[in-house]
2 protein chains.
Amino acid sequence: MTTLSPYDNMSPVAQAAYRARAAAADIAPLPRSAKDDALLAIADALEVRTGEIVAANAEDVARAREAGTSESIVDRLTLTPERIRAIAADVRDVAALPDPVGEVVRGSTLPNGIDLRQIRVPLGVVGIIYEARPNVTVDAAALCLKSGNAVLLRGSSSAYASNVALVRVLRDAVGGSGLPADAVQLVPGESRDSVRELMRARGLVDVLIPRGGASLIRTVVEESTVPVIETGTGNCHVYVDAQTDLGMAVDILINSKAQRPSVCNAAETLLVHKDVAAEFLPLALDALAEAGVTVHGDERVMGYAGNSKATLVEATPEDWETEYLSYDIAAAVVESLDAAVAHIRLWSSGHTEAIVTTSQAAARRFTQLVDSTTVAVNASTRFTDGGQFGFGAEIGISTQKLHARGPMGLPELTSTKYIVTGDGHIR
Amino acid sequence: MTTLSPYDNMSPVAQAAYRARAAAADIAPLPRSAKDDALLAIADALEVRTGEIVAANAEDVARAREAGTSESIVDRLTLTPERIRAIAADVRDVAALPDPVGEVVRGSTLPNGIDLRQIRVPLGVVGIIYEARPNVTVDAAALCLKSGNAVLLRGSSSAYASNVALVRVLRDAVGGSGLPADAVQLVPGESRDSVRELMRARGLVDVLIPRGGASLIRTVVEESTVPVIETGTGNCHVYVDAQTDLGMAVDILINSKAQRPSVCNAAETLLVHKDVAAEFLPLALDALAEAGVTVHGDERVMGYAGNSKATLVEATPEDWETEYLSYDIAAAVVESLDAAVAHIRLWSSGHTEAIVTTSQAAARRFTQLVDSTTVAVNASTRFTDGGQFGFGAEIGISTQKLHARGPMGLPELTSTKYIVTGDGHIR
């Protein structure tokens with residue numbers, strides 16, 4: 001038709017971002033019911049169109065196998081009818097959550113009679129950069145829609161066919177329910193250039209959330225001019241205090257390390273107070289051995305190797321900062337609680353640190369001094385999770401201090417605005 | 001003495017940042033009384049050592065005059081005993097404010113019996129980059145200390161002598177009250193390189209807040225790898241609706257534009273609904289003329305120039321995006337409320353927009369559709385201000401959506417952490 005906008009000469013990524021902005025403006029004021037209808041339409045469409053999605057996914061899986069991709073990554077990439085049903089169920093769960101938009105965060109009548117209200121509003125356009133997990137495509141879109149945002153999805157090129165199929169289904173469902181389909185878009189192009197352009201789209205994209213490994217996150221944090229929420233790197237610590245319940249300490253250690261070693265809230269370092277080392281370490285080393293965990297110990301930990309069944313290797317300084325995400329743990333004996341805190345301050349990624357103690361004073365001091373998203377007292381590091389925290393959904397775990405810290409639910413996908421209402425008030 | 005840290009080979013800026021981190025860790029857990037004592041010591045010291053401060057300031061003022069600096073900038077730079085007394089009084093006001101740190105933002109007992117608490121904690125190290133207003137040195141330090149943060153101050157080199165003297169007084173008072181003096185530091189070096197290094201100190205500095213003109217803010221936003229809170233640019237709009245109280249509309253327009261044109265919450269554009277233009281514009285143009293305001297009008301506004309005393313020039317597209325900060329205003333007639341919203345969406349900096357209307361439906365639609373930090377209904381744009389909002393203090397007005405939006409008080413200088421307390425809970 002006619003040229004309607006100055007955007008026609010723009011790159012496909014910029015056009016997508018402008019269309020997302022327009023869609024974001026349209027959906028921001030919508031009531032909950034309109035957004036929930038779209039989410040339920042998405043869930044239904046995923047189930048109805050499972051065949052189409054599985055067929056597209058099979059292309060990606062075949063390509064990945066040809067490229068010699070590891071089976072664990074192929075497994076994450078694979079969509080089955082059963083998995084798609086589970087994804088659809090998650091979307092229905094998101095629809096059932098309360099709408100964060102419109103919440104009055106703060107409100108008062110000022111001395112001059114003005115009514116002041118701070119209310120939650122959507123962020124606008126959210127960009128998600130992620131790896132070869134097509135379930136993230138649907139999860140992220142559902143959370144963004146529920147919170148009134150438009151979303152630009154940039155998944156791994158190795159999941160491109162799956163993402164194209166999924167986003168087609170999502171857009172059809174969104175459009176069919178009367179919302180602008182442009183609220184959900186795949187960032188066009190499979191090359192790195194499209195990622196780079198997305199990261200430079202300051203003013204068009206309101207926030208970028210990278211989801212994936214440490215190197216992806218580092219790249220986005222360093223190269224983006226769009227504000228970023230840093231997620232996920234977890235070098236988590238378990239500190240066993242001088243006064244402790246030995247059995248509880250062993251249970252929390254093993255659960256933190258070995259219940260699911262591949263996730264960011266799994267423990268990566270054990271710190272033991274010197275006064276309890278002789279009693280605790282033999283128990284801990286045996287339990288870790290039983291769980292199949294290799295211990296990277298400092299000199300003093302190595303001294304307890306004698307009778308244990310443990311696989312023990314001597315730690316290097318690099319071990320203190322490593323997020324293994326595997327059946328490995330670094331371990332050191334510390335002189336005091338304050339020495340444990342100092343070690344954590346120096347090496348932790350600031351995700352989650354646990355203390356196991358019977359001392360109220362120690363629990364209080366540890367929680368005051370440790371500066372991480374989550375401090376656990378007599379509980380596993382594995383509880384740092386939106387689902388566990390009762391948020392009902394999670395877009396990621398922020399390890400930064402600005403905007404959101406720790407597990408991010410729907411309110412973390414919003415901003416606020418102030419409404420000032422007077423009757424002709426002037427200064 | 002001996003080499004104690006790996007930081008000895010670092011640049012002066014990095015060393016300052018590391019020392020600030022250490023100080024931040026020390027002050028984060030301090031109770032309110034310790035921080036307030038330091039603030040009161042600062043206020044006293046400013047008064048006792050006024051002579052020293054005024055003498056240093058006189059050097060800056062002399063240099064500025066020699067360089068032919070405009071009198072309005074020299075005035076902002078100048079410190080007098082009276083101004084120093086007022087700054088000290090502001091510090092005492094900050095001490096009297098509630099401490100945001102430790103506030104339980106959210107808390108519950110999870111179904112498994114874990115107690116979950118989200119509590120406010122300091123951000124850590126806050127960097128402030130600002131222009132030749134030495135009062136900001138003290139204001140920013142007081143707000144950061146009160147909220148448990150260490151602060152790195154990078155003022156204009158044209159106020160260097162004043163800032164050196166002020167920071168000496170601040171550090172002596174902080175140290176004398178038992179807190180680490182390194183919680184308040186001037187970024188070493190007068191060159192641009194030190195600013196650049198500060199902007200690249202990601203991981204050492206938790207947030208940068210630029211305070212000053214649009215070009216300073218743009219530079220920091222674009223070049224910084226440290227998270228930035230964007231402040232201050234205000235291309236604010238007053239929209240006069242079809243149904244309106246003409247007298248109220250004139251009063252709000254004049255107050256928004258002319259009560260103090262040099263500030264970010266002053267109005268820069270007037271939009272008038274076409275149905276009320278013939279009645280309203282003659283009144284408005286006369287009132288603006290009386291207030292000494294030049295009107296940059298679109299074609300339709302120019303049509304009402306006839307009998308008015310107004311200074312009218314024809315607007316160019318550039319006028320719609322200009323933050324004049326002077327006795328100038330852009331003005332246009334719009335077809336509808338939605339057209340006003342579209343104009344605002346296209347051109348506004350997202351600071352503050354006001355509607356003057358007697359229609360409840362119009363007020364509701366305008367507040368829903370306008371996406372700015374503050375939407376004012378029948379009130380002047382000039383109310384967007386931490387003091388007016390009752391926050392007691394203000395570190396700036398954020399025009400971004402992440403972390404803080406609108407006037408920022410003490411809570412906006414904090415982050416949160418989660419405390420998970422169990423009795424041996426595992427997953």
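All chains are named by letter (A, B, ...) in the order of the sequence lines, taking the proteins before the strands, and each is independently numbered beginning at 1.
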Give a yes or no on this: more than 12 heavy atoms of other residues, nucleotides or ligands lie within 6.0 Å of atom CZ of Arg260(B).
->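 No, because the 6.0 Å sphere around CZ of Arg260(B) holds 12 heavy atoms or fewer from other groups.
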Heavy-atom proximity to chain B below 4.5 Å, by part of [X]:
{"X": "Ala28(A)", "result": "neither"}
{"X": "Ile419(A)", "result": "both"}
{"X": "Gln388(A)", "result": "both"}

Among [options], which residue forms the greatest number of heavy-atom pairs with chain A at distances under 4.5 Å?
{"options": "Ala379(B), Gly424(B), Gly350(B), Pro29(B)", "answer": "Gly424(B)"}
{"options": "Leu402(B), Thr421(B), Val356(B), Thr374(B)", "answer": "Leu402(B)"}
{"options": "Asn378(B), Ile114(B), Ile229(B)", "answer": "Asn378(B)"}

Shortest non-hydrogen separation from Arg405(B) to Tyr418(A) and the atoms involved =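 Nearest heavy atoms, Arg405(B) then Tyr418(A): O-CE1, 3.4 Å.
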Parallel, tilted or perpendicular for Phe383(A) and His425(B), by the 30°/60° rule?
->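 Ring orientation of Phe383(A) relative to His425(B): perpendicular.
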Under 4.5 Å, counting heavy-atom pairs only, tell me which of [options] racks up the most with chain B.
{"options": "Glu222(A), Glu230(A), Gln259(A), Arg202(A)", "value": "Arg202(A)"}
{"options": "Leu110(A), Val228(A), Ile355(A)", "value": "Leu110(A)"}
{"options": "Val221(A), Val370(A), Val121(A), Asp371(A)", "value": "Val221(A)"}
{"options": "Leu123(A), Asp115(A), Thr225(A), Asn112(A)", "value": "Leu123(A)"}

Does any heavy atom of chain A fall under 4.5 Å from the side chain of [X], the backbone, both, or neither of them?
{"X": "Leu116(B)", "answer": "side chain"}
{"X": "Pro407(B)", "answer": "both"}
{"X": "Ser372(B)", "answer": "backbone"}
{"X": "Ala25(B)", "answer": "both"}

Roughly how far, to the nearest 0.5 Å, is OG1 of Thr416(B) from NZ of Lys401(A)?
->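 Output value for this atom pair is 11.0 Å.
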Distance in Å, Ser415(B) OG paired with Gln400(A) CD, rounded so as to fall on 0.5 Å steps |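 CD of Gln400(A) is found 8.5 Å from OG of Ser415(B).
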Has the side chain of [X] got a donor or acceptor atom that lies under 3.5 Å from a matching backbone atom of [Y]?
{"X": "Lys417(B)", "Y": "Thr373(A)", "value": "no"}
{"X": "Ser380(B)", "Y": "Ile426(A)", "value": "no"}
{"X": "Arg382(B)", "Y": "Arg427(A)", "value": "no"}

Cationic tip of Arg117(A) above Phe389(B) ring, under 6.0 Å, 45° of axis =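 Geometry flag: not set, cation outside 6.0 Å or 45°.
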Looking at residues at least two apart in the chain, or sitting in another chain, which of them share a side chain to side chain contact (heavy atoms under 4.5 Å, CB included) with Ala24(B)?
->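 If we apply the side chain to side chain contact (heavy atoms under 4.5 Å, CB included) test to Ala24(B), skipping adjacent residues, the hits are Val125(B), Ala150(B).
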Select all residues of residues 358-369 of chain A having any heavy atom within less than 4.5 Å of some heavy atom of chain B, and report them by number, or 'none'.
->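 Residues Thr367(A), Gln368(A), Leu369(A) are the ones that qualify, each having a heavy atom under 4.5 Å from chain B.
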